[in-house]
Amino acid sequence: MPVLILGLVLFLGMHSLRIFADDWRAKQIARLGPTRWKGLYALISLVGFVLICWGFGLARHTPVLLYSPPLWLMRLNALFTLVAFVLLAAARVPRNGIKARLHHPQVLAVKTWAFGHLLATGMLHDVVLFGAFLLWAVALFAPSRRRDRREGTVYPPGTLKGTALTVVVGVVAWAAFAFWLHALLIGAKPVM
């Protein structure tokens, strides 16, 4: 569990600088330059991500059951994850109505993914991992929207084509992950 927690601190800590230390972050970008800052940011995030994966794998060897979710909640998680994949696609596909309306679909994707997984799993390591990501996404969303208003950020209007492409990309990515990649990478088959 300590390796998982260290990974979460590094990964989510770097991704929380705009929430808790935006002035310090701006000073570091000015001091290091944007390219070196992005390199350092990426390196620390990558180390954190590797530690999360390794720590989660280690924690699975000594499971501690906190609660046992009913089967229907495990099945419901597939729907939460489908929505999360569509939201994730909305963060990347240009000119889609989902991003135009929600502004930060990637953060909402993390919220949806983490919440669904908290409903579907009950081990301590699951609660630590998904709970940390859910808390981070909740903490990030409101400040991101306030920053948009303060800076006058305008999101381009969505088109029907962009929105349809977003949904198709999200559904196809979800299907690939649910039916093949999740078992290959995580070791658990979520859809049977």
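Counting from 1, the numbers follow the sequence of the chain as shown.
When side chains are defined from C-beta on, Leu87 counts as touching Leu102, because their heavy atoms get closer than 4.5 Å. Asn77 places none of its side-chain heavy atoms less than 4.5 Å from the side chain of Leu119. Side-chain contact between Trp136 and Leu140 is present, with at least one heavy-atom pair separated by less than 4.5 Å. Side-chain contact check for Leu88 versus Gln106: some heavy-atom pair is nearer than 4.5 Å. Side-chain contact between Lys189 and His182 is absent, with no heavy-atom pair separated by less than 4.5 Å. When side chains are defined from C-beta on, Phe133 does not count as touching Phe115, because their heavy atoms never get closer than 4.5 Å.
Judged purely by atom type and a 3.5 angstrom limit, Arg149 has no side-chain atom pairing as donor or acceptor with the backbone of Ser144. Distance alone, capped at 3.5 Å, is enough to place a donor-acceptor pair between the Thr159 side chain and the Gly162 backbone. In this structure, Ser45 contributes its side chain and Phe11 its backbone to no donor-acceptor pair below 3.5 Å. When atom types are taken as modelled, the side chain of His103 and the backbone of Ala100 share a donor-acceptor pair closer than 3.5 angstrom. Within the 3.5 Å criterion, the main-chain N or O of Val93 finds a donor-acceptor partner in the side chain of Asn96.
Contact between Arg75 and Pro190 at its shortest, heavy atoms only, is NH1-O, 4.3 Å. What you find for Ala120 and Pro69 is that their closest heavy atoms are O-CG, 3.3 Å. Shortest non-hydrogen contact noted between Gly170 and Ala89 is N-CB, 3.8 Å. A pairwise comparison of heavy atoms in Val171 and Leu82 identifies CG2-CD1, 3.9 Å as the closest pair. Nearest approach of Pro156 to Arg95, heavy atoms of both residues: CB-NH1, 3.7 Å.
Results of the side chain to side chain contact (heavy atoms under 4.5 Å, CB included) test with Met1 over Leu6, Thr62, Val128 single out Val128 as the only residue that passes.
Residues Phe130 and Leu73 share a single hydrophobic cluster, defined by chaining ILVMFWY side chains whose heavy atoms lie under 4.5 Å apart. In the hydrophobic cluster analysis, where Ile, Leu, Val, Met, Phe, Trp and Tyr join through side-chain heavy atoms closer than 4.5 angstrom, Val83 is grouped together with Leu108. Hydrophobic clustering (side-chain heavy atoms under 4.5 Å, transitive across Ile, Leu, Val, Met, Phe, Trp, Tyr) keeps Leu46 apart from Leu40. The same ILVMFWY cluster, assembled from side-chain heavy atoms under 4.5 Å apart, contains both Phe49 and Leu12. Both Ile98 and Leu79 are part of a single hydrophobic cluster, where members link through side-chain heavy atoms under 4.5 Å apart.
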Please lay out, stage by stage, how Val138 and Leu135 fare under the test side-chain contact (heavy atoms from CB on, under 4.5 Å).
-> CA-CA 5 Å; Val138 167; Leu135 289 173; 5.7 Å; no
Decide side-chain contact (heavy atoms from CB on, under 4.5 Å) for Trp174 and Phe179; before the verdict, give the C-alpha distance in whole Å, the side-chain angles of both, and the deciding distance to 0.1 Å.
-> CA-CA 8 Å; Trp174 170 82; Phe179 291 102; 4.2 Å; yes
Taking it one step at a time, do Gln28 and Arg31 satisfy side-chain hydrogen bond (donor to acceptor under 3.5 Å, both in side chains)?
-> CA-CA 5 Å; Gln28 299 314 307; Arg31 185 174 69 84; 2.8 Å; yes
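Note that the CG atom of Leu129 and the CD1 atom of Ile5 stand 11.0 Å from one another [nearest 0.5 Å]. Atom CG of Leu17 sits about 9.0 Å away from atom CD1 of Ile29, to the nearest 0.5 Å. The CG atom of Leu76 lies 11.0 Å from the CG atom of Leu71; values are rounded to the nearest 0.5 Å. Distance check: Leu8 CG to Leu51 CG gives 9.5 Å after rounding to the nearest 0.5 Å. Going from atom CG of Leu118 over to atom CG of Leu134 covers 6.0 Å, rounded to the nearest 0.5 Å. The OH atom of Tyr67 sits 9.5 Å away from the CG atom of Leu65 when rounded to the nearest 0.5 Å.
Residues meeting the ring pair (Phe, Tyr, Trp, His ring centres under 6.0 Å) test with His125, sequence neighbours left out: Phe56.
Under 4.0 Å is where a charged nitrogen must lie from a carboxylate oxygen, and between Asp148 and Arg145 no such pair does.
The number of heavy atoms from other shown groups lying within 6.0 Å of CZ (Arg101) does not exceed 12. Within 6.0 Å of CZ in Arg36 there are 12 or fewer heavy atoms belonging to other residues, nucleotides or ligands. More than 12 heavy atoms of other residues, nucleotides or ligands shown are found within 6.0 angstrom of CG on Leu185.
Taking the ring axis of Tyr155 as reference, the NZ or CZ atom of Lys99 does not stay both within 45° of it and closer than 6.0 Å to the ring centre.
Taking the six-membered ring where the residue is Trp, His117 and Trp113 present tilted rings, their angle falling between 30° and 60°.
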